[in-house]
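We use all heavy atoms of the structure for the numbers below, so side chains are in, but hydrogens, waters and symmetry mates are not.
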Amino acid sequence: ELPKRTKSMGNTASVWIKSLARRCAMGNFVNVEAVEHCILLAQECFREEDCKATMTFLSCIRVVTKIYPMVGGTTDGFGNLVELFGECRSSGHSSSFKKQIE
């Protein structure tokens with residue numbers, strides 16, 4: 001029903017309202033600590049060469065940070081992401097594994 005109600009406001013307003021609705025619907029589900037734990041778990045999975053689990057955690061992080069960009073920008077969270085991507089670039093993992101992560 002939301003698209004019908006926001007249609008007359010124009011595309012920009014409609015997109016903003018839909019984003020606001022998603023943020024409100026998520027409520028307490030998303031917080032900085034949960035995102036930081038996902039980042040740490042992605043690092044651990046990467047170190048264990050579990051590509052599927054690594055991608056699952058990174059996908060969660062991407063979805064959350066698209067809605068709440070500031071959640072992924074904490075000092076610890078961002079630092080751990082940079083560390084993960086640095087490890088990915090310098091690791092001895094196969095190139096297909098690294099491409100999936102990057």
Side-chain angles (χ1 to χ4, degrees):
E1 189 170 313
L2 191 59
K4 291 178 188 175
R5 292 179 182 240
T6 60
K7 187 177 180 181
S8 63
M9 294 183 207
N11 192 38
T12 304
S14 179
V15 168
W16 184 84
I17 290 172
K18 289 175 189 175
S19 176
L20 178 63
R22 277 194 303 268
R23 289 178 185 194
C24 292
M26 293 180 93
N28 291 331
F29 173 71
V30 175
N31 62 40
V32 172
E33 189 176 317
V35 172
E36 288 179 355
H37 284 156
C38 281
I39 294 168
L40 292 172
L41 289 168
Q43 276 186 302
E44 289 179 27
C45 292
F46 176 78
R47 290 173 184 154
E48 294 296 320
E49 298 187 18
D50 187 346
C51 184
K52 185 175 181 178
T54 303
M55 292 307 298
T56 299
F57 286 116
L58 288 176
S59 294
C60 293
I61 295 162
R62 183 178 4 177
V63 167
V64 171
T65 56
K66 279 185 177 182
I67 297 169
Y68 296 105
M70 66 223 143
V71 172
T74 64
T75 303
D76 289 338
F78 185 74
N80 289 329
L81 277 175
V82 169
E83 185 179 318
L84 172 61
F85 290 115
E87 288 176 20
C88 181
R89 288 189 184 104
S90 64
S91 73
H93 295 303
S94 69
S95 61
S96 63
F97 181 74
K98 286 198 245 183
K99 280 185 180 181
Q100 288 180 1
I101 301 298
E102 291 179 346

message: My understanding is that only residues two or more places apart in sequence, or in another chain, count here; which of them pass side-chain hydrogen bond (donor to acceptor under 3.5 Å, both in side chains) with T74?
response: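 side-chain hydrogen bond (donor to acceptor under 3.5 Å, both in side chains) list for T74, sorted by chain: E36.
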
query: Which value, rounded to the nearest 0.5 Å, describes the distance between T54 atom OG1 and E48 atom CD?
result: 9.5 Å

- request: Output the distance between atom CE (M55) and atom SG (C60), rounded to the nearest 0.5 Å.
  value: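 SG of C60 is found 11.0 Å from CE of M55.
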
message: Please give me the minimum heavy-atom distance between G77 and I39, naming the atom from each residue.
response: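 What the structure gives for the nearest pair is O-CD1, 3.5 Å.
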
- prompt: Taking only residues two or more places apart in sequence or in another chain, which ones pass side-chain contact (heavy atoms from CB on, under 4.5 Å) with S59?
  reply: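 S59 satisfies side-chain contact (heavy atoms from CB on, under 4.5 Å) with R62 once adjacent residues are dropped.
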
Qualifying residues under side-chain contact (heavy atoms from CB on, under 4.5 Å), relative to Q43, sequence neighbours excluded: L40, R47, N80, E83, L84, E87

query: Who else is in L41's hydrophobic cluster (ILVMFWY, side-chain heavy atoms under 4.5 Å, direct or via others)?
result: F57

